[in-house]
Participant: 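Here it is, the structure in full.
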Amino acid sequence: MKKRILQLLTEKGILVDPEAAEALSRLQDPMACVDRILKDAENQPLILSREDVDGYAGCAAEQQAPSQESAPRPAPERPKVDKTAPPSIRIIKDITGNSTCVGDIQDFTKLFNDRYTSIKRILAKRRELAGIIPISKAKKVRREVKLVGILNETRTTKNGHTLLEIEDETDKVQVLVMKGPKRAGEGFIKDEVLGIAGSFSKDGEIVIAKEIIRPDVPMNSAMTPNGSGAVMAFVSDIHVGSDTFLPEEWKRFMEWLRKDPVAEDIRYMMMPGDLVDGIGIYPGQEDELLIEDVFAQYAELAEMVKAIPDWIKIIMMPGNHDAVRLAEPQPALAKEVQAMFDSNIMFVGNPCYLDVEGRVVLAYHGRSMDDYIKNISGLDYAHPLEAMREMLRRRHLAPVYGERTALAPEKKDYLVIDQVPNIFVTGHVHKCGIAEYRGIKLINASAWQSQTEFQRMHNQVPDPAKVPMIDLGSGEMWVEDFSH
Ligand SMILES: [Fe+2]
């Protein structure tokens with residue numbers, strides 16, 4: 001069997017590390033894993049390592065783990081968590097303290113250049129894009145070309161095809177994407193960076209696309225068990241100060257934290273934005289506020305979180321309702337607001353990359369879901385995990401400039417997903433869900449607010465008072481429900 005596996009892989013040009021061969025032969029179904037490696041043409045490693053095997057083996061669950069709102073609690077025989085050990089948490093990337101923008105047009109050029117360069121670097125690793133050339137050069141050679149560009153514009157022709165305009169640092173070009181069953185649901189979003197393999201039309205005016213290539217994440221992104229038994233909980237969109245905040249449900253959650261054995265294993269609690277309802281966020285908001293002063297809202301939150309047991313490290317991130325600049329990336333809450341809270345709380349920006357117990361966590365409030373849902377047909381507010389998959393496919397949290405998500409002209413694009421996370425969490429849409437995409441754990445972290453007037457008008461039904469959790473050691477996810 002081992003020989004046959006090695007033969008299959010070497011025939012495809014993949015060298016196998018002896019440890020990887022050993023790991024493969026120990027799998028329950030080694031051929032299924034080999035099959036996944038061979039099918040993953042985009043990211044196939046040249047030398048297969050043991051980590052690769054673990055990753056591909058872990059991805060087995062993807063097909064069987066569709067989006068879900070609940071999953072069974074983890075097995076009780078998890079490693080014992082030492083509540084007295086210091087938390088293992090470190091910021092990998094965060095705008096806080098690193099903002100450079102002064103807001104002139106030059107800075108937007110730098111932002112888009114950085115986005116282009118960062119995502120092109122990812123695309124350049126793709127086999128289908130071997131031999132990328134600049135658009136200006138492509139216009140001269142007029143043969144089969146591989147291009148990478150930022151999408152400026154999308155139009156539908158009268159025949160129902162799609163015409164894109166893409167741009168790189170040298171020039172712009174029109175790209176025709178023929179309609180067809182394979183193209184259905186392709187979904188283009190302005191200002192995303194994509195790869196095109198195609199050839200010029202006879203008159204040399206446009207490129208006819210054969211293939212659209214997205215940067216995407218590798219197939220083998222699964223978490224391999226690391227022995228930690230610590231649990232991370234996700235508590236989003238608390239909206240303190242709103243008259244639709246749910247105090248009874250919150251109280252139930254706080255009581256559960258004090259008495260349920262599972263709660264003893266929670267070492268981290270991430271709060272991905274909309275901590276308070278804020279003020280002046282939308283016209284007429286004052287009619288829906290119980291606390292009309294934003295500092296008083298934070299003071300109330302500071303009191304509320306005192307009930308959370310002190311073995312839990314709380315991480316607070318702002319969202320579009322919080323009292324920081326609206327343009328993303330948003331820095332952490334101001335020092336005078338932080339001073340209202342206990343000193344052990346960690347404040348981060350939005351988005352933020354964290355290392356928690358050796359796991360890479362990407363947390364983003366999720367404002368850009370509004371733009372993703374508006375621009376990509378098939379996406380809707382009821383299924384935020386699908387929008388999160390689209391972000392990962394494009395390796396960008398909020399590409400669109402000039403629509404709902406305000407972007408700050410930083411020199412570096414903090415919204416590029418340059419590192420593949422183990423865990424990707426968002427809030428914003430007040431839904432609750434857990435799923436997997438290519439081994440990455442996706443979490444949308446509910447809310448603590450019942451249906452608002454705005455949501456009622458737009459027919460959005462929230463799914464509040466739920467807490468998704470993940471065992472950072474095994475990657476097991478589940479949801480605790482405090483809604484009744
Ligand atoms: Fe919210």
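Counting starts at 1 for both ligands and their atoms, in listed order.
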Participant: Assign the ring pair Trp256 / Phe482 to parallel, tilted or perpendicular, where the plane angle (0 to 90°) is split at 30° and 60°.
Facilitator: perpendicular
Participant: Any N/O/S atom, backbone or side chain, of His428 lying under 2.8 Å from the Fe ion (ligand 1)?
Facilitator: no
Participant: Ignoring hydrogens and geometry, is there a side-chain-to-backbone donor-acceptor pair from Asp370 to Arg404 under 3.5 Å?
Facilitator: no
Participant: Are Glu436 and Lys441 close enough for a salt bridge, meaning some N to O gap below 4.0 Å?
Facilitator: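 Yes, charged N to carboxylate O under 4.0 Å.
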Participant: Please work out the angle at the Fe ion (ligand 1) defined by atom NE2 of His430 on one side and atom NE2 of His239 on the other, rounded to 10°.
Facilitator: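 Computed angle, vertex at the Fe ion (ligand 1), rounded to 10 degrees: 90°.
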Participant: Please state the angle at the Fe ion (ligand 1) spanned by OD2 of Asp274 and OD2 of Asp237: what is it, rounded to 10 degrees?
Facilitator: 90°
Participant: I'd like to know whether CZ of Phe295 has more than 12 heavy-atom contacts from other residues, nucleotides or ligands below 6.0 angstrom.
Facilitator: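 No, not enclosed.
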